[in-house]
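Have a look at the structure below before the remarks.
Just so it is clear, the structure is predicted and the values come from calculations on it, not from any experiment.
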Amino acid sequence: MDFIHISDAIQRKKGKVAIRGWIYRERKLKDKVFLVIRDSTNIIQCIVDDKNKSWNDANKLLIESSVEIEGDIFEDKRAPTGYEIKVDKLNVIQFAEKYPITEDQSPEFLLDKRHLWIRSRKLTAVLKIRSTVFGAIHEYFRNNGFYEYHSPIIQSTQTEGGSTLFEVNYFGKKLYLTQTWQLHAEAGIFALEKIYTIAPSFRAEKSKTSRHLTEYWHAEMEGAWLSFDDVQDIGEGLIKYVVKSVLEKNQEEFKVLKRDTKKLEATLKKNFPRITYSDALKILNDKFKMKIEFGKDLRTIEEDKLSSLYDTPVIVTRYPKVVKAFYMKEDPKNKDVVLGCDFIAPEGYGEIIGGSERESDPKKIIARLKEIGENPSNYDFYIDTRIYGSVPHGGFGCGVERVISWICGLENIKDAIAFPRTMLRYKP
Ligand code: 4AD
Ligand code: MG
């Protein structure tokens, strides 16, 4: 017989089926062995009775052993997924040793055993949603005329501040792992105009928070001729498309995660509020008695308070120049602020997108580089983009694990990726 997936077997409702997978749970009685089998699609209870040729094997099976099963499927309301297979043939592929993961283990232990823990129903559900999110990002950009484009991972300068750079010993020279594709993407728009990528970015984050990884997947776009409003519109379109895709494709996974998907629906239906940084300071003062001086960046606590007022992401614009990166365009109407924006996710999931219109005046870029202690000659390639046919342009970066964390309602960003990397977590 041909093997089919458990979810397909359940759809058939009755008749002979052949499935294969791993033991998810086992219970041994005097005359029956109950095996719950798991594959990538679902779980199903299977019963082996004492007249079966493989009765002895069934009694030796431990959790995560791999098996092939043939038998009759029928409805049984008491079974975990409503169906059961009465086993004719049981073929053991491998008898697993005693599985180290049992109930109620510490998060650290589960991270040590991550290579096994990714088989759990929770992580399997998150990884399926993650796959939808990546697919949706590609679709959104490709449907909107963006080319996929790649920047180098090994780079010779900082972009997002020297304090989070990872150094690479490159044949005796000091180079860095990329923090963003952006500077080399700005060169690419003169060839392709509209480009995007999904690639790992690296940040040497010393903070232990529930929203920082040292290696994260970064969805970035850059476009020639884009205005500051265009950048925000494309970011809002992307988030809406991703949320629409997971709601269409991942209802089963949301059930496993016990995620209330009603909380995501406002993001589809409503326009994201767009407020300036100065509006944000006023709101924080009026509603929460938080007094923040103009010129201070919004911290986690302030972002969380702000996000509690909205059921969609909120876009905060026009931050003070001093808290934002050197490449952001000075607001022509107010030289103290830049045309940069952060998208703050609902439910306290923090900044999911950071973007801006880019400064086009090479003199301003050189002055800002000097202010942050950088040698402008290291950025010659970048400054050339402002000398040979400069055009207005902009782009953004979206932290994909932050988006997954919010969509899935996770407590910690580490569960949004199979093998998380943080300051203290670098294996397996
Ligand atoms: O705001 P950031 O630093 O912006 C840039 O890197 C720009 N160059 C992007 C661009 O315009 N092309 O990072 C962008 C996003 C943040 O909004 C956040 O979602 C995510 O990247 N991010 C992180 N995600 C997980 N762990 C970290 N340590 C992150 N740091 C930033
Ligand atoms: Mg940012």
Side-chain angles (χ1 to χ4, degrees), residues 141 144-162 176 178-197 199 201 218-238 274 276-277 315 317-342 353-398:
F141 283 120
N144 286 287
F146 287 79
Y147 292 100
E148 185 169 351
Y149 170 89
H150 305 102
S151 285
I153 298 293
I154 297 173
Q155 299 192 358
S156 58
T157 68
Q158 64 87 39
T159 309
E160 302 298 335
Y176 311 100
T178 181
Q179 296 170 308
T180 166
W181 83 326
Q182 187 186 319
L183 301 190
H184 300 80
E186 286 186 62
I189 60 162
F190 295 87
L192 300 171
E193 295 196 21
K194 286 165 68 174
I195 54 180
Y196 82 97
T197 201
S201 276
H218 205 169
E220 299 189 83
M221 78 86 184
E222 195 71 31
W225 317 106
L226 296 183
S227 68
F228 185 40
D229 283 339
D230 293 335
V231 170
Q232 295 169 63
D233 291 345
I234 295 167
E236 180 166 346
L238 173 68
R274 297 181 185 190
T276 65
Y277 166 87
I315 308 177
T317 65
R318 295 183 160 79
Y319 282 78
K321 200 191 282 174
V322 289
V323 303
K324 288 295 183 192
F326 71 91
Y327 52 73
M328 292 195 183
K329 188 178 174 67
E330 192 180 283
D331 184 347
K333 294 193 194 111
N334 174 2
K335 67 177 178 39
D336 293 333
V337 303
V338 286
L339 300 182
C341 57
D342 284 357
I353 286 185
S356 74
E357 188 172 335
R358 315 307 189 191
E359 182 57 68
S360 47
D361 181 346
K363 287 195 210 74
K364 286 192 176 140
I365 295 175
I366 290 168
R368 304 253 317 264
L369 282 169
K370 285 183 182 158
E371 271 165 35
I372 59 170
E374 289 292 309
N375 179 353
S377 72
N378 293 337
Y379 296 79
D380 280 348
F381 81 97
Y382 184 66
I383 292 161
D384 271 357
T385 61
R386 309 310 203 256
I387 296 176
Y388 301 106
S390 183
V391 291
H393 67 285
F396 64 69
C398 167

### Task
Return the set of residues passing side-chain hydrogen bond (donor to acceptor under 3.5 Å, both in side chains) with Tyr379 (not counting sequence neighbours), or none when no residue passes.
Gln158, Glu374
#### Entry: From Gln155 atom CD to Gln182 atom CD, the distance as rounded to the nearest 0.5 Å
10.5 Å
### Task
Compute the centroid of each ring, for Tyr196 and then for Phe146, and state whether the two points are separated by less than 6.0 Å.
no
### Message
I'd like to know if the side chain of Gln179 and the backbone of Thr159 have a donor-acceptor N/O pair within less than 3.5 Å.
### Response
yes
### Worked check of side-chain contact (heavy atoms from CB on, under 4.5 Å) between Glu220 and Ser201
CA-CA 10 Å; Glu220 299 189 83; Ser201 276; 4.3 Å; yes
### Heavy-atom side-chain proximity of Asp342 to Tyr277 below 4.5 angstrom
no
### Query
Tyr388 and Phe190: side-chain contact (heavy atoms from CB on, under 4.5 Å), yes or no, with the steps?
CA-CA 9 Å; Tyr388 301 106; Phe190 295 87; over 6 Å; no
### Query
How close do Ile234 and Leu226 get, heavy atom to heavy atom, and via which atoms?
CD1-CD1, 3.9 Å
### Message
For Arg368 and Asp361: C-alpha separation, side-chain torsions, deciding distance, then whether salt bridge (Lys or Arg N to Asp or Glu O under 4.0 Å) applies.
### Response
CA-CA 11 Å; Arg368 304 253 317 264; Asp361 181 346; over 6 Å; no
### Task
Over all heavy atoms of both residues, which pair between Tyr149 and Thr197 is shortest? Give the atoms and the distance, please.
O-OG1, 3.1 Å
### Task
Quick one: pull up CD in Glu330 and CD1 in Ile365 and give me the separation to the nearest 0.5 Å.
11.5 Å
### Query
Parallel, tilted or perpendicular: which describes the rings of His184 and Phe381, with under 30° parallel and over 60° perpendicular?
parallel
### Query
When rounded to the nearest 0.5 angstrom, what distance separates CD1 in Ile353 from SG in Cys398?
4.5 Å
#### Entry: Evaluation steps, side-chain contact (heavy atoms from CB on, under 4.5 Å), between His393 and Glu222
CA-CA 7 Å; His393 67 285; Glu222 195 71 31; 3.2 Å; yes
### Message
Ile195 vs Tyr147, test: side-chain contact (heavy atoms from CB on, under 4.5 Å). Steps then yes/no.
### Response
CA-CA 5 Å; Ile195 54 180; Tyr147 292 100; 4.3 Å; yes
### Query
Measuring from Ile315:CD1 to Asp233:CG, what's the distance to the nearest 0.5 Å?
8.0 Å
### Message
Ignoring hydrogens, what is the shortest heavy-atom contact between His218 and Gly397? Give both atom names and the distance.
### Response
NE2-CA, 3.4 Å
### Query
Looking only at atom types and distance, does a side-chain atom of Lys329 sit under 3.5 Å from a main-chain N or O of Ser360, one as donor and one as acceptor?
no
### Query
So how far is it from His150 NE2 to Trp181 CH2, rounded to the nearest 0.5 Å?
8.5 Å
### Query
Can you tell me how far OG1 of Thr317 sits from CD of Gln232, rounded to the nearest 0.5 angstrom?
6.0 Å
